[in-house]
Q: 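Submitted below is the structure of interest, expressed as structure tokens.
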Amino acid sequence: MSSDHVQSAERPTDDGAAPPGDAEAPFLDLLARGATADAYEQPVLRARAEGRPAERIAALEHAKLLALRVRAELEGRRRREAELSALFETAHDLAGLRDVDAVLQAIVQRARSLLGTDVAYLSLNDPARGDTYMRVTEGSVAARFQQLRLGMGEGLGGLVAQTARPYVTDDYFRDERFRHTTTIDAGVRDEGLVAILGVPLMLGPHVIGVLFAADRRARVFEREQIALLGSFAALAAAAIDTANLLTETRSALADLEHANEIIKDRSGVIERASDVHDRLAELVLRGGGVHDVAAAVSEVLDGTVEFTEADAAPAEALEASRAEGHAVPHRDGWIAAVTAGGELLGALVLRGHPRLDPVDQRTLERAAMVTSLLLLARRSAAEAEQRVRGELLDDLLDARDRDPRLLRERAVRLRADLDATHVVLAARLDTAAPDADQEADARRRLWSAASHLAATRQGLAAARDGGTVLLLPLAPGDTATDLARRTARHLGTAVHEPVTVGASAPVAHPAADPDAVVAGYEEGRRCLDALRLLGRTGDGAAAEDFGFLGLLLAGDRDIGGFVERTIGQVVAYDARRGTDLVRTLDAYFACGMSPARTKDALHVHVNTVAQRLERVGRLLGDDWQSPARALEIQLALRLHRLAGPAQS
């Protein structure tokens, strides 16, 4: 054995074991540990420093080159696995979509995301007009660019379509390989694009369009990126060619599923991302809420994730996340802004996890995006239901010849019962707005609050005559007055301004009698106007609350109801006991409220008059002789007397 081999055998390795007696051993160890490329120089440098023979150094150099080739091969395979994973996820997404536009939009979004470009877009050929037009854009901000139409052979896209080959330019305006036109250059300049990559969409030998990825700065697209975009272009062409989609997708999915299983086995990070994707999809499908999303992400990221309103999140970190479009670190956690169309809806806050790898960061960002979609969906659903409730109430008020059966069916879908007794309420804000825009905004807030109240009470609400009208069910034992006052308090609290509410008398079976709903609305408006004239803004009332004035406010002039509310207990007492309390009251008021003159008019003793008046006080209340009550009682007595001889 040579001295080199002896020394090598006698020198222990880093882990204490004796190394193999060949030059490849240290490089195999580096491969096993996944060391960087620079580390492969160390065995050679060490051998030279130790004065090893030239043959030994040459052997190490040869082994190093072989090891670097193996490492490069492994890196290429890892990169290919990542691309296969991305393509699999794309195909998986496409499988859940049902129309071509959605498929193309998904492809463009994924292409932009994976290539990391500012903009991605797709154009399709128009055989009828002999040109090509912009079909889908992602990341574009210029309207003129989004509406471009290119003649065949014009611009970089025209060159790709004409030659059926991918083309790339790192500086569009200095590239003379394709024909520039004023229209195309103006659109590209508006968008601010510099580097553009275009690949053809092929159906057999025919080019049907071009898929682009572009940056607003100079950039060199690598061969692998061109190949990856070409793969997306193939998926786009397959989506358009629906006749070939099923066969091609089945074959691709079989290969990609196998690749995905390999990736899942080798990468725990990707497995977590897939898990959260599935959980979020399930949550969306079964109607979960934003807090369910936060709980699911908490489990996956092994931290505490909470959804907070925008005003409750750290302002500086939230604004940074909104501006960058990514989750940002904050203290011992991360914050991801929840936005939609530039509107800030809230934030997902991850606590107890100061460090995140890129995939977990992307998971948090994806959860924020799903949260924004859930919030928008909830808002859209609420607004749609509000509109439908408003349309039904408008039909009750305007289209009185509407079929009651159809009205009932529409109400049932809104969980409303138009055969129950309801009250019509007219509501209006009583704070003057400084300008028309603020007044309109205040009315919208009132309508929104009224619509929410109607939805929770199984009623209806609509904007009308500068205010809001509600049709709410009347609970057993409740009165129109109670309902009006509660509604005024509820709406006033919701909009932070005084809201005055006038109520109608109860309306039975609104679906069968829309005229009663119309009359009820007019009565509610009169009560509303009376409240405002009396300075009772921010209050609620019905006609019955205004005493004899209620006869003027009520739509059906409910004389019997007024008499019953005012002296009904006295009339009933006479009917049960055979007494003359009503006649005594008539005589008492006719004699100027003098007991002495009253006893002469009735031909009874003055003590008898006093006893009868004491009984009246117990029936009507101690304040029955106050000026306001006395006036109402005298009017009720006269109406009772005029109602007929049997009641006089």
Side-chain angles (χ1 to χ4, degrees), residues 477-486 488-489 500-506 523-524 526-577 579-643 647-648:
D478 209 355
T479 66
T481 298
D482 295 335
L483 185 57
R485 288 174 178 169
R486 284 200 306 272
R489 289 195 300 270
T500 307
V501 177
S504 72
E523 179 179 336
R526 287 194 292 271
C527 290
L528 172 63
D529 292 339
L531 285 170
R532 300 177 78 184
L533 288 172
L534 293 171
R536 292 173 57 185
T537 57
D539 197 1
E544 62 186 27
D545 300 311
F546 294 94
F548 71 90
L549 290 176
L551 295 176
L552 304 176
L553 299 174
D556 55 0
R557 302 295 190 268
D558 184 15
I559 294 175
F562 172 72
V563 172
E564 173 64 26
R565 291 192 298 272
T566 307
I567 61 172
Q569 294 189 63
V570 177
V571 174
Y573 189 88
D574 278 352
R576 291 195 309 270
R577 303 293 183 90
T579 54
D580 283 330
L581 297 183
V582 172
R583 193 160 66 90
T584 300
L585 274 175
D586 263 332
Y588 179 66
F589 285 117
C591 294
M593 302 176 69
S594 167
R597 289 198 296 272
T598 302
K599 60 100 175 171
D600 293 336
L602 295 176
H603 305 290
V604 296
H605 195 275
V606 68
N607 289 341
T608 301
V609 173
Q611 292 171 358
R612 292 178 180 179
L613 294 179
E614 181 182 358
R615 171 63 60 183
V616 168
R618 287 200 294 270
L619 292 172
L620 299 184
D622 293 338
D623 65 337
W624 71 276
Q625 295 189 74
S626 66
R629 287 290 306 280
L631 177 61
E632 292 186 358
I633 292 170
Q634 291 178 71
L635 178 59
L637 288 169
R638 178 165 297 187
L639 293 173
H640 178 67
R641 186 167 60 252
L642 293 174
Q647 299 180 0
S648 63

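Atoms considered below: every heavy atom in the structure, side chains included; atoms not considered: hydrogens, waters and symmetry mates.
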Q: Between atom CG of Leu602 and atom OH of Tyr588, what is the distance when rounded to the nearest 0.5 Å?
A: 12.5 Å
Q: Do Glu523 side-chain atoms and Ala505 backbone N/O form a donor-acceptor pair below 3.5 Å?
A: yes
Q: Testing the basics here: between Cys591 and Thr598, what is the closest heavy-atom pair and its distance to 0.1 Å?
A: CB-OG1, 3.8 Å
Q: Do you know which two heavy atoms are closest between Ala503 and Ala480, and how far apart they sit?
A: CB-O, 3.9 Å
Q: Are Ser626 and Asp623 close enough that a side-chain donor and a side-chain acceptor fall under 3.5 Å?
A: no
Q: Do Leu581 and Leu613 have side chains that get closer than 4.5 Å, going by heavy atoms?
A: no
Q: Could you state the interatomic distance from CZ (Arg583) to CG (Asp574), rounded to the nearest 0.5 Å?
A: 10.0 Å
Q: Suppose we screen for salt bridge (charged side-chain N to carboxylate O under 4.0 Å, His left out). Which residues come up paired with Arg618, at least two apart in sequence or across chains?
A: Glu614
Q: What closest approach, in Å, do Gly538 and Ala488 show between heavy atoms, and which atom pair accounts for it?
A: O-CB, 4.0 Å
Q: May I ask you to decide whether Arg489 forms a salt bridge with Asp539, counting only side-chain N to carboxylate O separations under 4.0 Å?
A: no
Q: Show me the donor-acceptor pairs, under 3.5 Å and distance only, between side chains in residues 603-612 and residues at least two apart or in other chains.
A:
from: His603; atom 1: ND1; to: Asp600; atom 2: O; distance (Å): 3.4
from: His605; atom 1: ND1; to: Asn607; atom 2: N; distance (Å): 3.0
from: Arg612; atom 1: NH1; to: Thr584; atom 2: OG1; distance (Å): 3.0

Q: Supply the atom-to-atom distance Lys599 NZ to Ser594 OG, rounded to the nearest 0.5 angstrom.
A: 9.5 Å
Q: Heavy atoms only: give me the nearest Val582-Val571 pair and the separation to one decimal.
A: CG2-CG2, 3.9 Å
Q: Does the side chain of Leu585 come within less than 4.5 Å of Trp624's, by heavy atoms?
A: yes
